[in-house]
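As a basis for the values below, the full set of heavy atoms in this structure was taken, side chains included, without hydrogen atoms, waters or symmetry mates. Order of the sequence lines fixes the chain letters, A, B, ..., with proteins taken first and strands second; residue numbering starts at 1 for each chain. Predicted model only: the values in this text are computed from it and were never measured.
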2 protein chains.
Amino acid sequence: MSKKLDRRKKYTRKVLKESLVTLLSQKTISKITVKELCEMADVNRSTFYTHYSDQYDLLEKIEEEIAEDMNQYLSSYSFNVEEESLQMTEKLLEYIKDRQFMFQTLLNENGDPTFEVRLRTIAQRFMINNWLEGQQLKEVDMTYLSTFVVSGAVHVIKEWIEYDVDVKQSPKEMAELINKFANEGLSCLE
Amino acid sequence: MSKKLDRRKKYTRKVLKESLVTLLSQKTISKITVKELCEMADVNRSTFYTHYSDQYDLLEKIEEEIAEDMNQYLSSYSFNVEEESLQMTEKLLEYIKDRQFMFQTLLNENGDPTFEVRLRTIAQRFMINNWLEGQQLKEVDMTYLSTFVVSGAVHVIKEWIEYDVDVKQSPKEMAELINKFANEGLSCLE
DNA sequence: AACTGTTTGTTGATTATCCAACACTGTGTC
DNA sequence: GACACAGTGTTGGATAATCAACAAACAGTT
């Protein structure tokens, strides 16, 4: 499935992604030049063009990757088995924690305004497929519910960032809290 | 003088050096294999051998580089002009701060026992060339003095590490303190 | 409008790294 | 001793990244 990447490719893409996110924390994508991006990443400009067509393309790829990861995590998510579920939540939290800066940047002023929407879409699809399976819900309720949950999640992430919450210190407790909330939320529907 | 290095070479050597120092914080040089070193650095083993012959060679190069840097800093050191001197001390402190982990590792149990000696030699040569210029000192005094100063410096570095002193927060005050001490020490000799 | 400096894609030749394979040495185990 | 196992150094061919150079587009200045 996932073809084995040459170390060089892996490294080049990694630093380019990191550099773009760093620059995005300072200015809007349209004000970022390929030149400064490559200088920051310490990568030859010609190399950049063998991977991406421009800044926008790179940003696209970054977000696609996140989307894939989120889907990956959410696809194996289930609230049936308690312990397994907790572990999944924990992993998801660690994933986010490791990319705190990235999320912060992409969700803030200079970031992509469509990014939050994309996250919302992913979560919405997940909720429809898993949580709300079997439930007979009006479409209005469904939309409202997913919007509510995702907004909450984004809000939580932003709060973590603002108050510099160290998720890693207690991912377990955090995971329990979140799962409990999710379950109670579900039971409230019945 | 300093030949222009290909970015790739620069990167390869950088990660290999970082990885070795990291490993040295865990075990002795003789227990470190080239294989695990390359795995940590994410560099092909064959690439390693195009740069260094073995772990010991790499460690050698790391220490040589530090020695060069220290010489560089110390060579442009003078206590004649007050402000300039302070700036030099400040830069030197920042240099050490940026490599705190490296110094810590090289000076500790797993590190190279000869490293402290090398530092001592450098400082000794410096003191003879600069500070003690013109002073009529017995060789015994000279050796004792340099040993005293370097031991002090190493001790200070180790204390910074242990008590996690943030040198960067006040390199200026720190620099003033050190220069003042150095000057008083010198005047004590007269 | 001409001028200056900067960024942009793109190219060709060069170089470094990768990878997989190899034979070799050392070390521990039955 | 015979055996498996892990690390060593070295090789050759494939591939990626480098660098320097280019024409073109663009923005700001005078």
Quiz item: Does any non-hydrogen side-chain atom of B:Asp42 lie less than 4.5 Å from one of A:Lys10?
Solution: yes
Please write out each protein N/O paired with an N/O of nucleotides 25-29 of chain C under 3.5 Å, distance rounded to 0.1 Å.
none

Quiz item: Going 5' to 3' on DNA chain D, which nucleotide is the first and which the last to come under 4.0 Å of a heavy atom in chain B?
Solution: D:dG7 to D:dA20
Practice problem: For A:Thr28 and A:Lys31, indicate whether the former's side chain and the latter's backbone hold a donor-acceptor pair under 3.5 Å. | Solution: no
Quiz item: A:Tyr11 has an atom OH; how far is it from atom C1' of C:dA16, in whole Å?
Solution: 14 Å
Exercise. Under 4.0 Å from any atom of DNA chain D, heavy atoms only: list the residues of residues 34-53 of chain B that qualify, in numerical order.
Key: B:Val34, B:Lys35, B:Arg45, B:Ser46, B:Tyr49
Exercise. Answer whether the closest heavy-atom distance between the side chains of B:Leu106 and B:Leu59 falls below 4.5 Å.
Key: yes
Exercise. Kindly compute the distance separating CD1 (B:Ile62) from CE (B:Met102), expressed to the nearest 0.5 Å.
Key: 5.0 Å
Quiz item: How about A:Val21 and A:Glu18: do any of their side-chain heavy atoms sit closer than 4.5 Å?
Solution: no
Quiz item: How many angstroms lie between CG in B:Asp98 and CZ in B:Phe103, if you round to the nearest 0.5 Å?
Solution: 10.5 Å
Exercise. Heavy atoms only: give me the nearest A:Thr105-A:Ser25 pair and the separation to one decimal.
Key: CG2-N, 3.5 Å
Self-check item: Presence of salt bridge, A:Glu65 and A:Lys61, under 4.0 angstrom
Solution: no
Quiz item: Would you say B:Asp57 and B:Tyr49 make side-chain contact, with heavy atoms under 4.5 Å?
Solution: no
Practice problem: On DNA chain C, check which nucleotide each of A:Asp54 and A:Asp6 is closest to and give me the residue with the more 5' one. | Solution: A:Asp54
Quiz item: Between A:Arg7 and C:dC19, does any side-chain N or O lie under 4.0 Å from OP1 or OP2?
Solution: yes
Quiz item: When rounded to the nearest 0.5 angstrom, what is the spacing between OH in A:Tyr56 and CG in A:Leu20?
Solution: 11.0 Å
